[in-house]
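One structure below.
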There are 2 protein chains.
Amino acid sequence: MVVKKLKGADPLPVTARRQHKADAKAAATHPPARQRPLTRIQKEKQDIILEAALEVFSVHGFRGATIDQIAEVAGMSKPNLLYYFPRKEEIHRRLIGALLDTWLAPLREMDEDGDPFSEIRSYIRRKLEMARDFPRESRLFANEMLQGAPRIHEMIEVDLKNLVDEKAKILLSWMDQGRLARTDPYHLIFSIWATTQHYADFDVQVRAVLGKGRNGEGRFEDAARYLEQLFMHGLAPRPRNETKPGN
Amino acid sequence: MVVKKLKGADPLPVTARRQHKADAKAAATHPPARQRPLTRIQKEKQDIILEAALEVFSVHGFRGATIDQIAEVAGMSKPNLLYYFPRKEEIHRRLIGALLDTWLAPLREMDEDGDPFSEIRSYIRRKLEMARDFPRESRLFANEMLQGAPRIHEMIEVDLKNLVDEKAKILLSWMDQGRLARTDPYHLIFSIWATTQHYADFDVQVRAVLGKGRNGEGRFEDAARYLEQLFMHGLAPRPRNETKPGN
DNA sequence: CTAACATTTTTCCAACTGGTCAAAATTTCA
DNA sequence: TGAAATTTTGACCAGTTGGAAAAATGTTAG
């Protein structure tokens, strides 16, 4: 991760109005006294706060979320929360920073030496599992994207781009070897992101359309089946028992 | 459109705190004096406001957007704006209501009597054009979905669901006739929504990953080409000059 | 036990927010 | 033209929001 700590050179969206004293005091009697070891209780509380913040930010976005809400979900008073994270933005930054790392893990796993189709298939499956198991993280990310990624421009322009470039190269080499349809590797990756994250980000819509019938959790399995077919064969009708490529 | 006017039985999310006088006065000396014809200037100003609101809501979501912001973008004072739309929610509701209608138009056009593949192909193309030409509308919608669609639950559970049910039936009949791969029609539609809207909602990400190189607007054409291939054939490598189904 | 430190609570603030209201400015139309 | 209606403005409000300060309450090592 490049992502330097961006101390004062932040994007500073709209909320850069008042002068914050905290900038000056840095490490007074307060706790995030940089470089101090970080006690067990601090770690715990911070985790509680981050968890609560994820809950709130993922629904309302940065601007729409309030410290009071987060504090309430975290079960503590606002000033107490501010004791651990002196700035609202700090919380958000921490969340996003940690997120991108795990978010891209599935793509990192895509292995040049594997079989193209099983690699792609498991990438899709892993991404779909993330949408199912970490929908809030997905929404947090989506929210940030919708707003033009003001707080993570650098991350996506450096870390994300580099990773995708690297994997696009692998996809291209597979295409050169005739083991994968020749097509645009970037858009291929986009389509995997889009189709899988859709199940987290647009969950309400998916549920509403599928109806409140028995589709409790089955929708993820259905989605997995469908996506596998889509990516492997597209929608072209084909005779029964045709062999699937690379399986 | 079912979507009844929801007079007082609104979701009333968090902002149902203070008692608003406007509820009582209804049509005083003020302008949206229900049932009056709506002067030309009123129509104009309302359009200006809605346009500005789209700009702001689509980025920050309902909670994150402020009337002041909207008023500034619209080039008028806040009280003046409030004169045309006495409630923030009113503006949002109007936007979303109008949106869903046009948003689903492409799907409505899918014609049972057409060829399955050209119908699907043009549906994808139309959706992609909408992502290109109306990205703010797409983001407004996405924002609402991310928040759990609190203000349009009914619309998506009735209007949207009905339309999708209807079209799913058409897809199924095509499958029965062996003119389309047998698969889940709902997830098929989801995947079209996801892949196309991705280019509006995650625009920053797409741009960042593609690099600021020459990909000015070409990305939409590239996406169209890629998606056509994906949906028609999937990623399976295939011999040159194979005939495309239904073309 | 107690001084030094960590944590929490109470109180407070200034800017922002959605919205009101009366008066002023402008437009419309007989 | 002038009175009625419409539109715009400026002042104002109460509730919310991000954050500060300091006092009060733990905790813990010596």
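Protein chains get the first letters and strands the later ones, always in sequence-line order, with residue 1 at the start of each.
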For C:dG19 and B:Arg87 - does any side-chain N or O of the residue sit under 4.0 Å from the phosphate oxygens OP1/OP2? yes
B:Leu82 CG to C:dT17 P, in whole Å, measures 14 Å
Working for side-chain hydrogen bond (donor to acceptor under 3.5 Å, both in side chains), residues A:Arg63 and A:Gln147: CA-CA 10 Å; A:Arg63 288 228 48 199; A:Gln147 285 163 42; over 6 Å; no
Find which nucleotide of DNA chain D each of A:Asp68 and B:Pro79 is nearest to by heavy atoms, and output the residue with the more 5' nucleotide. B:Pro79
For B:Ala208, check side-chain contact (heavy atoms from CB on, under 4.5 Å) against everything at least two apart and list the hits. A:Ile156, A:Glu157
I need the NZ-C1' distance between B:Lys88 and D:dT16, as an integer number of Å. 12 Å
I need the CZ-C1' distance between B:Phe57 and C:dG18, as an integer number of Å. 12 Å
Any A:Arg63 side-chain N or O less than 4.0 Å from OP1/OP2 of C:dC16: no
Rounded interatomic separation in angstrom, taking CD1 from A:Ile48 and C1' from C:dT7: 13 Å
Rounding to 0.5 Å, atoms CH2 (B:Trp193) and CG (B:Leu104) come to a distance of 7.0 Å
Any side-chain N or O of A:Gln42 under 4.0 Å from OP1/OP2 of C:dA6? no
Per the atom types in the model, does the base of C:dG18 pair as donor or acceptor with the side chain of B:Lys78 at under 3.5 Å? yes
Which part of the nucleic acid does A:Ala65 contact within heavy-atom distance under 4.0 Å: base, sugar-phosphate only, or nothing? sugar-phosphate
Would you call A:Arg151-A:Glu144 a salt bridge at under 4.0 Å N-O? yes
Sorted by chain and number, sequence neighbours left out, ring-ring contact (aromatic ring centres under 6.0 Å, His included) with A:Phe202 holds for A:His198
Taking atom P of D:dT7 as reference, at what distance in whole Å does atom NZ of B:Lys45 sit? 9 Å
Distance, rounded to the nearest Å, where B:Asn80 contributes CG and C:dA23 contributes C1': 15 Å
If the cut-off is 4.0 Å, is B:Tyr84 near the phosphate of D:dT6, judged by side-chain N/O to OP1 or OP2? no
Find the distance A:Gln46:CD to C:dT7:P and express it as a whole number of Å. 10 Å
Value in whole Å for how far the C1' atom of C:dT7 lies from CE of A:Met76: 11 Å
State which of C:dG18, D:dT7, C:dT8 makes the closest approach to the side chain of B:Tyr83. D:dT7
Contact class for A:Ser77 (heavy atom, under 4.0 Å): base, sugar-phosphate, or nothing? base
